[in-house]
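Below is one structure, written out as structure tokens, with a few remarks after it.
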Amino acid sequence: MKILASLTALVLLSLTHISSAQATRTWVSGVGDDVNPGSRTAPCKTFGGAISKTAAKGIISVLDPGGFGAVTITKSITIDGGGIEGGILINAGIAIIINAAPTDVVILRNLQLEGLETGLAAVKIVQAGAVYLENCRIKGFTTGVEVANTGTTGIQVTLRGCLIQECLGAGVSLTPAATASSVAFLDGTTIQGCNQGLVVNPKGKAILNNSVICLNVAEGLKRTGTGVIQSYKNNRIFGNTPDGAANNGIKVK
């Protein structure tokens with residue numbers, strides 16, 4: 001009898017462990033529910049609900065159009081809107097906060113972030129190893145992408161094929177701590193109609209390739225102190241007040 005009881009307890013423990021295990025891929029839907037496990041047939045409703053059920057280095061995918069709420073990311077993860085409009089609509093605060101380990105990699109792909117001109121930041125990066133924004137649309141925040149790492153290690157940030165527009169402050173702002181150097185690579189990215197286009201403070205370095213910085217109210221490119229902006233000679237920077245200048249132009253090889 002004792003053996004049977006022990007076996008029963010072991011089976012129950014195993015089932016509990018399986019039910020609480022995190023999945024490598026989860027799903028969100030406009031008609032989902034955060035009490036669900038996040039499977040394709042039982043999706044979550046918000047990114048915040050799905051991320052707690054997604055394993056490190058896993059993927060959160062979007063099943064159908066919807067607004068999926070603000071989220072704080074503390075581990076390696078991919079959030080992918082796919083061919084669907086995976087959106088976050090907020091009128092206050094920050095849409096996505098990234099505060100992960102210095103070795104973690106975060107990928108944000110095919111997302112549309114709308115701040116209604118009152119949201120603080122679309123993406124605020126406090127700490128991570130590398131962050132990739134791919135084919136993302138950002139509009140109406142105080143700051144579009146803020147690299148504000150406060151740690152001692154730098155962050156590599158890539159914006160590829162992104163559009164940032166109508167931000168009340170900077171489209172992209174690199175403000176790393178004095179003890180950390182961070183690098184942002186803008187590839188095929190447009191910053192338009194913001195107060196400032198790209199702002200790089202000391203310890204920050206930005207590299208532009210095939211990108212457009214245009215029609216911003218104040219500086220298109222702004223460097224302070226020892227901040228560095230390098231530009232390949234295939235970028236278009238115009239219509240800003242003033243346009244500003246990179247440290248040097250890099251020939252396209």
Side-chain angles (χ1 to χ4, degrees), residues 81 85 87-91 94-96 108-125 131-148 155-176 182-253:
E85 181 183 315
I88 297 177
L89 176 68
I90 63 170
N91 59 9
I94 300 169
I96 299 175
L108 307 175
R109 183 183 296 134
N110 300 321
L111 300 178
Q112 183 158 338
L113 311 178
E114 172 63 64
L116 300 175
E117 297 186 356
T118 52
L120 295 181
V123 180
K124 182 171 183 177
I125 306 168
V131 176
Y132 297 86
L133 281 77
E134 301 171 354
N135 192 35
C136 291
R137 302 292 180 264
I138 293 171
K139 179 177 180 292
F141 288 86
T142 299
T143 304
V145 178
E146 180 181 359
V147 185
I155 303 172
Q156 295 181 6
V157 180
T158 299
L159 286 80
R160 181 168 286 117
C162 294
L163 171 63
I164 302 173
Q165 58 190 145
E166 302 299 327
C167 288
L168 302 180
V172 175
S173 176
L174 270 73
T175 58
S182 290
V183 177
F185 176 45
L186 279 65
D187 183 23
T189 287
T190 296
I191 304 174
Q192 178 178 350
C194 300
N195 185 54
Q196 297 167 314
L198 170 64
V199 176
V200 180
N201 286 0
K203 289 291 185 177
K205 178 179 180 180
I207 302 170
L208 306 178
N209 177 61
N210 197 31
S211 293
V212 178
I213 313 292
C214 71
L215 304 176
N216 296 289
V217 175
E219 300 96 336
L221 304 179
K222 181 177 180 180
R223 296 179 283 117
T224 63
T226 56
V228 174
I229 299 176
Q230 293 182 329
S231 173
Y232 284 92
K233 294 182 179 179
N234 58 354
N235 298 294
R236 287 164 289 171
I237 301 168
F238 64 90
N240 309 286
T241 314
D243 288 333
N247 293 76
N248 62 288
I250 307 172
K251 292 183 179 180
V252 180
K253 296 180 180 180

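Along the sequence shown, residues are numbered consecutively beginning with 1.
Formation of a donor-acceptor pair under 3.5 Å by the T175 side chain with backbone atoms of V200 is not found in this model. Here the side chain of N235 pairs a donor or acceptor atom with the backbone of N210 at under 3.5 angstrom. A donor-acceptor contact shorter than 3.5 Å links the side chain of S211 to the backbone of G188. A donor-acceptor pair under 3.5 Å links the side-chain atoms of N240 to the main chain of N216, judged by distance alone. Looking at S173, its side chain never comes within 3.5 Å of a backbone N or O of E146 through a donor-acceptor pair. In this structure, the side chain of N247 engages the main chain of I229 through a donor-acceptor pair within 3.5 Å. The backbone N or O of N91 lies less than 3.5 Å from a partner atom in the side chain of T118, making a donor-acceptor pair.
Nearest heavy atoms, P176 versus G204: CG-N, 3.8 Å. In plain terms, the two heavy atoms of S231 and A246 that are nearest each other are CB-CB, 3.8 Å. For the pair I213 and G220, the tightest heavy-atom approach, listed with the atom from each and the gap, is CG2-O, 3.4 Å. Of all the heavy atoms in A95 and I90, the pair that sits closest is N-CD1, 3.3 Å. Counting all heavy atoms, side chain and backbone alike, E134 lies closest to C162 at N-SG, 4.2 Å. Nearest approach of G171 to C194, heavy atoms of both residues: CA-SG, 4.0 Å.
Looking at V131 and V145, their side chains never come closer than 4.5 Å, going by heavy atoms from C-beta outward. Residues T143 and V199 fail the side-chain proximity criterion, which asks for heavy atoms closer than 4.5 Å.
Side-chain contact check for Q192 and Q165: no donor-acceptor pair (N or O, by modelled atom type) lies under 3.5 Å. No hydrogens or angles considered: a donor-acceptor pair under 3.5 Å links the side chains of N209 and N234.
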What verdict does the side chain to side chain contact (heavy atoms under 4.5 Å, CB included) test give for V172 and T189, after you've listed the backbone C-alpha separation in whole Å, the side-chain angles of each residue and the deciding distance to 0.1 Å? CA-CA 11 Å; V172 175; T189 287; 6.0 Å; no
Please walk me through it: do L168 and N195 pass side chain to side chain contact (heavy atoms under 4.5 Å, CB included)? CA-CA 5 Å; L168 302 180; N195 185 54; 5.9 Å; no
List the steps and the verdict of side chain to side chain contact (heavy atoms under 4.5 Å, CB included) for L108 and L113. CA-CA 11 Å; L108 307 175; L113 311 178; 5.9 Å; no
Please walk me through it: do F141 and V123 pass side chain to side chain contact (heavy atoms under 4.5 Å, CB included)? CA-CA 10 Å; F141 288 86; V123 180; over 6 Å; no
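Remark: L198 CG to E219 CD distance equals 11.0 Å, nearest 0.5 Å. Of the inter-residue distances, the one linking F185 atom CZ with R160 atom CZ reads 6.0 Å to the nearest 0.5 angstrom. The OG1 atom of T158 lies 9.5 Å from the CD1 atom of I207; values are rounded to the nearest 0.5 Å. Going from atom CG of L215 over to atom CD of E166 covers 9.5 Å, rounded to the nearest 0.5 Å. Rounding to the nearest 0.5 Å gives a distance of 12.0 Å between CD of Q156 and CD1 of I125. The CD1 atom of I164 lies 7.5 Å from the CG atom of L133; values are rounded to the nearest 0.5 Å.
Residues meeting the side chain to side chain donor-acceptor pair (under 3.5 Å) test with N201, sequence neighbours left out: T224.
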